[in-house]
J.: 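Have a look at the structure that comes next, please.
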2 protein chains.
Amino acid sequence: MTGSVTLHDVARRAGVSLATASRALNGSANRVVGEQLRERVLRAAAELRYSPNAHAQAMARGRTDVVGLSLHDIADPYFSAVAAGVMREAGANGLLVTMASTQRRPGAETDYVGAFRRHWASVVIVVGSRTDDRAATDRLADELAAFEAEGGRAVAVSQPRLPVDTISIDNHGGARDLGEALHDLGHRRFAVLGGPGDLLTASERVAGFRAALSRRGGRLDPDHVVSGPFTRDGGYDAMHRLLDREPDVTCVFAVNDVMAVGAMAAMRDRGLEPPAGMAVAGFDDIATLRDVNPGLTTVRIPLEEIGALAVRLALEDDVARPRVRRVGGEVVLRASTPRVPS
Amino acid sequence: MTGSVTLHDVARRAGVSLATASRALNGSANRVVGEQLRERVLRAAAELRYSPNAHAQAMARGRTDVVGLSLHDIADPYFSAVAAGVMREAGANGLLVTMASTQRRPGAETDYVGAFRRHWASVVIVVGSRTDDRAATDRLADELAAFEAEGGRAVAVSQPRLPVDTISIDNHGGARDLGEALHDLGHRRFAVLGGPGDLLTASERVAGFRAALSRRGGRLDPDHVVSGPFTRDGGYDAMHRLLDREPDVTCVFAVNDVMAVGAMAAMRDRGLEPPAGMAVAGFDDIATLRDVNPGLTTVRIPLEEIGALAVRLALEDDVARPRVRRVGGEVVLRASTPRVPS
DNA sequence: CTGAAAGCGCTTACAG
DNA sequence: CTGAAAGCGCTTACAG
């Protein structure tokens, strides 16, 4: 960068020292600059279109006004909803958000936290399911610990397996409530599109659903559980594989809404119109998908609120850490899962 | 931040000077450190878990490895798709992305570009329609010019009204092609849900659609054009207002997909099942909405590709600026607009 | 209330 | 190939 106006230029134009110029412009702790000088400085700064160098400020102050946010894929509406909450709350606190997409590459979270550390982010937020890879989780934990040891604040939105404040979504409970609700609608024979096998979020939802059925005295045929990526195409392919087995079921639970929508597309490919052909339920209550037809039964997770909460937790002072905040989901029954006539 | 390991610590542990440690760790321009010393330095850095201070590097180097991205709302799938492209391409070039949501607040773009300037972002990308507010556009133009004068690179995804490289989406052409295609399907009486009146993107789409009809010898009844926010609820409300007028039309064009989906919800509220009740078309081809039922006719815009292109334009050297890249859309006919029986 | 000066943690000519 | 030193643009004790 060249030609930028520095504090030095402002000070000279105003005929004051660097120190006075700095104080006039910020006047934080020891804010004591004569009215007259202050005005001279402000005028000079305006005339020169002075813009302070954030790096120099960071160097001198030893901290920064950015929050680093790591998530898997910003194009996925689950993550963009959380990101929206983070950005809203960050903006309200005068913080900028630096975002990184892991694209689910193993180790990427750790790399990005390292990058945020190098940038002296004041806050780091890591959003996304943990996996069953213990070693990877440990490396991330170490990096987060190093970040906090340097004075940063980290918050995870994930399973509570990291040594920092974490917001833990009750996947098990939500799926259990959903399973019970579907059972109460009269469904007895279920299938599940289970997401990637190594993702804890996916396995928790499957487990919760399974628990609901056994509570009600039913069970889930292992042959009716199909796994696949956490995406629209993942749901689409998984549903086709399920239907290839000609399963005798009345209702399929896809472990997230995006997969559920893919599943409905696959059903239609085969002339199975939902919900008549088969009832379908998802999880998350993605806003953009609230108008699909038939309306998708799901479990509402307050994603944006979770993002905002993450920032708030990070900014809270004088509390014992790490803390765990559990966030529950709420079953939303819609037209995709009608009552079974008895 | 406290307790962080500095280059100084690494140098001391390796028994070399600061300069040597720095060179061993980066070895960019004048990369000439003895193999033995280099190894000593690398080992010391690893042992100490050294993480360079990005601000100090930025200060010393006079530039930074971040791209600033301003957009209106990351929860809106239009913007999250563009953002995904920006992040992908930025990541491929070792750049971090700092993102800011304007929430369509007037003046916010200018404020954020100022923030990116203070942070010495090497690239700034501004995504979003210009409005008919000339003064606001001028202020943003000034800020972008100041940013580039300091050595930064800016790219706009918007109407070409800013003094920087811009990617201009052919809203007029896309809407015109869509209008002609719908006319060719046999539709003659149209309504338009026109988006916010001050947004150029909205008015360009309406104008293009109108142009198509007059080309074909038809016209758009002014009474059949309703405006409203660029959101799902905006489309929903606008459609209700339109239906209140009991318009004699066979097809409604919502100027973006999100509004179109809201419009379909409003129709269903009144027992008007699309497309039988009325044909519906949108614009953008939002990925998350490709499975709505009936499938939504729209104009496909390569949003992610546009985001990636923005980064690429910014990174190109030795070219005359500013440049304008026009990106066209492609009509995608789906079930929401069946042929009218003749 | 104001200023001279040290310091934040790096990089990079400039010498050797 | 290696090192001493200046400089990047701020902030903030420390004096006065």
Side-chain angles (χ1 to χ4, degrees), chain A residues 1-42 44-45 48-65 117-122 150-151, chain B residues 1-42 44-45 48-65 117-122 150-151:
Chain A
M1 303 280 178
T2 117
S4 57
V5 176
T6 71
L7 224 211
H8 187 248
D9 301 322
V10 174
R12 194 175 35 187
R13 182 177 189 113
V16 302
S17 72
L18 257 184
T20 299
S22 173
R23 290 181 190 120
L25 258 19
N26 302 301
S28 46
N30 38 353
R31 45 182 202 71
V32 276
V33 177
E35 186 55 32
Q36 219 172 312
L37 285 194
R38 141 172 279 114
E39 287 210 341
R40 285 228 305 271
V41 172
L42 294 182
L48 295 174
R49 305 206 65 213
Y50 169 68
S51 164
N53 181 319
H55 300 295
Q57 291 186 317
M59 288 284 302
R61 290 176 177 164
R63 55 194 172 65
T64 236
D65 59 350
R117 230 183 115 197
R118 283 193 290 283
H119 282 261
W120 280 12
S122 54
E150 290 169 10
Chain B
M1 303 277 177
T2 117
S4 56
V5 176
T6 71
L7 225 211
H8 186 247
D9 301 322
V10 174
R12 195 176 34 187
R13 182 176 189 113
V16 301
S17 72
L18 258 184
T20 298
S22 173
R23 290 181 190 122
L25 258 19
N26 303 301
S28 46
N30 38 353
R31 45 182 204 71
V32 277
V33 177
E35 185 56 31
Q36 220 172 313
L37 285 194
R38 142 172 279 115
E39 287 210 342
R40 286 226 306 270
V41 172
L42 293 182
L48 295 173
R49 308 206 65 213
Y50 170 68
S51 164
N53 181 318
H55 300 294
Q57 293 186 316
M59 288 285 300
R61 291 176 177 165
R63 57 193 169 65
T64 235
D65 60 349
R117 231 183 114 198
R118 282 193 290 283
H119 282 261
W120 280 12
S122 54
E150 291 170 10

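Quick caveat, the model's predicted, so the values are computed rather than measured. Quick note on labels: first sequence line is chain A, next is B, and so on, each numbered from 1.
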J.: In terms of side-chain heavy atoms of A/Trp120, which of D/dC10, C/dG9, D/dG3 is nearest?
T.: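 Shortest atom-to-atom distance from the side chain points to C/dG9.
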J.: What integer distance in Å separates A/His8:NE2 from C/dG3:P?
T.: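 Nearest whole value for this atom pair: 13 Å.
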J.: Looking at the side chain of B/Ala60, which of C/dC10, D/dC10, D/dT12 is the nearest nucleotide?
T.: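 The nucleotide sitting nearest to the side chain is C/dC10.
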J.: Between A/Met59 and B/Leu18, just flag the one whose closest nucleotide in DNA chain D comes earlier from the 5' side.
T.: B/Leu18
J.: Would you compute the distance between atom CZ of B/Arg61 and atom NE2 of A/His55 and round it to the nearest 0.5 angstrom?
T.: 11.5 Å
J.: Kindly indicate whether the side chain of B/Arg118 and the base of D/dG9 share any N or O donor-acceptor pair separated by less than 3.5 Å?
T.: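 Counting by modelled atom types and ignoring angles, no donor-acceptor contact under 3.5 Å is found here.
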J.: Report yes or no: does B/Arg118 contribute a side-chain atom to a donor-acceptor pair with the main-chain N or O of A/Pro52 at less than 3.5 Å?
T.: no
J.: Check every atom of C/dC10, D/dG9, D/dA13 against the side chain of A/Arg23 and return the nucleotide holding the closest atom.
T.: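 Among the listed nucleotides, the one closest to the side chain of A/Arg23 is D/dA13.
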J.: On a heavy-atom basis, which atom in B/Thr64 and which in B/Ala58 lie closest, and how many Å separate them?
T.: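 Result for this residue pair: OG1-CB, 3.7 Å.
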J.: What's the gap between C/dC1 and C/dA5 when it is taken at their P atoms, as a whole Å value?
T.: 23 Å
J.: Whole Å only: how far is the CZ atom of B/Arg12 from the C1' atom of D/dG3?
T.: 17 Å
J.: With the side chain of A/Ala56 defined as its heavy atoms from C-beta on, choose the nearest nucleotide among C/dG3, D/dT2, D/dG9.
T.: D/dG9
J.: Using OP1 and OP2 only, check whether a side-chain N or O of A/Ser17 sits under 4.0 Å from C/dT2.
T.: no
J.: Pick the nucleotide of DNA chain C nearest each of B/His55 and B/Thr20; which residue has the one closer to the 5' end?
T.: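 Nearest nucleotide further toward 5': that of B/His55.
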J.: I need the A/Leu18 CG to A/Arg23 CZ distance, nearest 0.5 Å.
T.: 10.5 Å
J.: For B/Tyr50 and B/Leu25, work out which heavy atoms get closest and say how close.
T.: CE2-CD2, 3.7 Å
J.: How long is the line joining CG of A/Leu25 and C1' of D/dG9, in whole Å?
T.: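 Whole-Å distance recorded here is 13 Å.
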J.: Quick one: B/Leu7 CG to D/dC8 P, roughly how many Å, whole number?
T.: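 In whole Å, D/dC8 P and B/Leu7 CG are 19 Å from each other.
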J.: For A/Arg61 and C/dA6, what is the distance between atoms CZ and P respectively, to the nearest whole Å?
T.: 22 Å
J.: Under 4.5 Å between any side-chain heavy atoms of A/His119 and B/Asp65, yes or no?
T.: yes
J.: Measure CG/A/Asp65 against P/D/dT11 and give the value in whole Å, please.
T.: 12 Å
J.: Is B/Thr6 close to B/Asn53 at the side-chain level, that is, under 4.5 Å between some pair of heavy atoms?
T.: no
J.: Rounded to whole angstrom, note down the P distance from C/dC10 over to C/dC14.
T.: 24 Å
J.: Could you tell me the separation between the CD atom of B/Gln57 and the C1' atom of C/dC8, rounded to a whole number of Å?
T.: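 One finds 14 Å between C1' of C/dC8 and CD of B/Gln57, rounded.
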J.: Between C/dT12, D/dT11, D/dG9, which nucleotide has the shortest distance from any of its atoms to the side chain of A/Ser22?
T.: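 For A/Ser22, the side-chain atoms sit closest to D/dT11.
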J.: Considering only atom P, compute the distance from C/dA6 to C/dT2 and round it to an integer number of Å.
T.: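 One P to the other, the span is 23 Å.
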J.: Expressed in angstrom and rounded to an integer, what is the separation of B/Arg40 atom CZ from D/dC1 atom P?
T.: 16 Å
J.: Atom CD of A/Gln57 and atom OG of A/Ser22: how far apart are they, to the nearest 0.5 Å?
T.: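 Rounded to the nearest 0.5 Å, the CD-OG separation comes out at 8.0 Å.
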J.: For DNA chain C, list all stems, counting runs of three or more consecutive pairs where every pair is Watson-Crick or G-U wobble with both distances under 3.5 Å.
T.: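 Stem list for DNA chain C: C:1-3 with D:14-16, C:5-12 with D:5-12, C:14-16 with D:1-3.
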